[in-house]
Amino acid sequence: MSKITDAFKKRKALIPFIVAGDPSLAVTEKLVYQLEEAGADIIELGIPFSDPLADGPVIQAAHARAIKVSLAQVFSLVKKIRKRTAVPIIFMLSDNLIEKYGASKFYDDCKKFGVDGVIVPDLPPEESPADNIYLIAPTTTEERIKRIASASTGFIYLVSVMGITGARRRLSGDLGDLANRVRKFTDKPIAVGFGISNPAQAKEAAKSADGVIVGSALVELIAQKQFTKAIKLVANLRKALDAR
Amino acid sequence: MFMELPDKNGHFGEFGGRFVPETLVSPLEELTDAYLKYKDQEDFKEELDQQLEHYAGRPTPLFLAQNLSARLGGKIYLKREDLCHTGAHKINNVLGQLLLAKRMGKKRIIAETGAGQHGVATATGCALLGLPCVVYMGEVDVKRQALNVFRMQLLGAKVVTVKSGSRTLKDAINEALRDWMSSARDTFYCLGSVVGPHPYPTIVRDFQSVIGKEAKGQHFDLEKKEPDYLLACVGGGSNALGLFFPFLDDPEVKIIGVEAAGAASLCLGTPGVLHGARTYVLQTSTGQIKDTHSISAGLDYSAVGPEHANLKDMKRVSYVTASDKDALWGFKILSETEGIIPALESSHAIAHLRKMKLSKDQTVIVCLSGRGDKDVEEARKLV
């Protein structure tokens with residue numbers, strides 16, 4: 001996990017999300033290198049699942065496009081990527097995929113192949129046997145914030161809005177308050193996700209957080225096979241985060 | 001001992017629990033607290049009992065099907081949930097949950113539906129209580145249950161067609177949960193079966209166990225003993241648990257759940273996590289959820305209630321399958337011998353009677369979970 005924590009030390013962390021295998025594993029591999037070059041500090045790979053509960057239409061469609069890609073194939077992809085770059089990679093996946101793969105084999109393979117962190121959106125810490133990156137939502141009570149903040153490893157994933165993933169016209173006005181409520185209990189880095197789609201929103205979110213996660217806006221461009229534009233978006237997000 | 005489950009975190013042995021996005025944890029805690037607060041309060045119980053009696057039409061009869069018994073052996077009793085208002089057991093749970101919603105001050109109701117029976121029941125309860133209602137329904141089911149879509153609209157509900165995934169019940173639940181993730185502050189999710197995250201499997205079971213409580217008393221009055229067998233169809237499993245639950249700690253009562261052969265999560269699935277619970281799931285070797293195919297939309301579901309998963313592993317209940325063909329046989333035989341047209345779901349339970357070879361003083365209670373009017377058109381094409 002120290003690779004993850006380190007990624008937050010030098011600058012505001014930029015964490016792009018893409019679905020592995022959308023549109024193909026070969027393209028995903030190329031995108032990882034290009035995302036890093038464009039200024040990503042951590043790459044978040046979604047593992048395709050038939051029923052991604054927390055996702056809006058854009059990311060659901062990406063899962064459907066890549067549905068034939070298995071978790072084992074994504075581990076092989078990471079192995080290949082590790083020959084070229086050490087950029088931190090985290091997996092975001094539904095708990096059923098881990099159950100089926102076997103939880104202990106899954107976490108062993110994360111270590112073995114170089115996956116630096118795991119986010120399981122449908123696995124709250126109460127049900128979890130392992131060290132994951134956990135989410136805190138606007139509805140999370142103070143008592144749970146305390147528990148989740150102490151259980152989360154690497155960083156804390158702050159869900160900026162009530163609801164599912166997808167672009168929003170504006171960010172929640174309470175983001176600063178929510179971040180402050182979390183910081184009372186921890187000095188772990190906080191990354192904000194859900195609903196951040198453009199450089200202005202990223203800059204705004206970074207006022208209260210240590211990093212931002214951008215998914216749907218990027219995945220939408222990938223859906224249209226606008227790969228150059230997708231990389232450009234990440235470069236622009238980088239610029240916005242670095243601007244004073 | 002089975003009747004003491006789940007534990008306080010909603011676990012039935014290795015199954016159940018609360019596998020949901022963080023946004024839903026607080027709404028589920030709020031629901032759990034409200035349920036525990038109100039369920040034993042006298043005025044809540046009285047209001048629910050009143051509605052069950054005067055609106056839903058309870059108690060439902062326990063009918064001795066003499067002609068069918070003569071054909072198939074034993075003494076076959078039918079618990080007539082098909083005579084409930086709206087034509088199925090679903091109303092029992094809906095009335096309970098909607099009273100809870102009102103006590104909690106929720107202003108809007110959402111629900112999912114497969115065959116449309118739970119959707120119709122929810123739309124009905126919302127019409128009665130004056131609450132706005134949105135029902136999520138897969139596109140495939142919207143097409144094959146067009147009449148129920150119209151019924152819901154007539155009752156004032158908005159029906160949202162779900163076009164993601166396999167476009168059936170599984171996807172309707174996904175979409176209802178997604179709605180709830182952004183609306184939980186003022187919206188109550190009225191879930192229709194003993195599935196989903198804690199506390200839903202417990203709440204739905206408790207509201208449905210009126211079926212088994214009545215049947216237990218009625219059977220005892222008639223036979224002066226406990227039944228030898230209980231029999232019910234299992235999709236998500238709410239009518240089955242409703243009948244089974246009050247008998248679970250009577251080891252002499254043998255219990256059988258009948259799944260649709262094309263959607264047999266317990267008989268053919270493996271443990272996994274779907275819709276917020278750990279349970280038996282129909283899935284591929286890499287963990288993708290499989291589509292199901294049953295003649296009965298109400299059983300067409302890739303998972304099953306977590307309490308059933310535990311009852312299977314603990315060997316308290318035996319689970320078997322009936323094919324589409326078996327179900328059509330059950331549909332016909334009950335119509336012909338007793339003048340009762342059963343729902344295709346319940347027909348799966350009827351079909352299993354043929355295999356049981358009961359002796360003449362053995363008794364069985366079959367949960368006739370719904371009436372078959374909704375299925376006549378579908379069956380006409382196939383019989």
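The model shown is predicted, which means the values in this text are computed figures rather than measured ones. In the text below, chain A, chain B and the rest are named by the order of the sequence lines, each starting its count at 1. Atoms considered below: every heavy atom in the structure, side chains included; atoms not considered: hydrogens, waters and symmetry mates.
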Original post:
A/Ser50 and B/Ile289: which non-hydrogen atoms are nearest, and at how many Å?
Top reply: OG-N, 2.9 Å
**OP:** Tell me the residues of residues 186-200 of chain B whose non-hydrogen atoms fall below 4.5 Å from those of chain A, in number order.
**Re:** none
**OP:** Looking only at non-hydrogen atoms, find the nearest pair between A/Leu53 and B/Met181 and report the distance.
**Re:** O-SD, 4.3 Å
**OP:** Verify, without hydrogens or angle tests, whether A/Thr139 (side chain) and B/Thr23 (backbone) share a donor-acceptor contact under 3.5 angstrom.
**Re:** yes
**OP:** Keeping the roles fixed (side chain from A/Asn96, backbone from B/Gly287), state whether a donor-acceptor pair exists under 3.5 Å.
**Re:** yes
**OP:** Tell me, please, which residues at least two apart from B/Glu4 pass salt bridge (charged side-chain N to carboxylate O under 4.0 Å, His left out).
**Re:** none
Original post:
Listed by residue number, which members of residues 165-174 of chain B have a heavy atom under 4.5 Å from any heavy atom of chain A?
Top reply: B/Lys170, B/Asp171, B/Asn174
Original post:
Which members of residues 132-139 of chain B, sorted by number, sit under 4.5 angstrom from chain A on a heavy-atom basis?
Top reply: none
Original post:
Charged N to carboxylate O below 4.0 Å: is that the case for B/Arg278 and A/Glu127?
Top reply: no
Subject >> Proximity breakdown for A/Phe49 and chain B, heavy-atom pairs closer than 4.5 Å >> reply: both
**OP:** Search all heavy atoms of B/Glu22 against all heavy atoms of A/Leu135 and return the closest pair with its distance.
**Re:** CG-O, 3.3 Å
**OP:** Using non-hydrogen atoms and a 4.5 Å limit, figure out which bit of A/Pro57 sits close to chain B: side chain, backbone, both or neither.
**Re:** neither
Original post:
Relative to chain B, which segment of A/Ala64 carries a heavy atom at a distance below 4.5 Å: side chain, backbone, both, or neither?
Top reply: neither
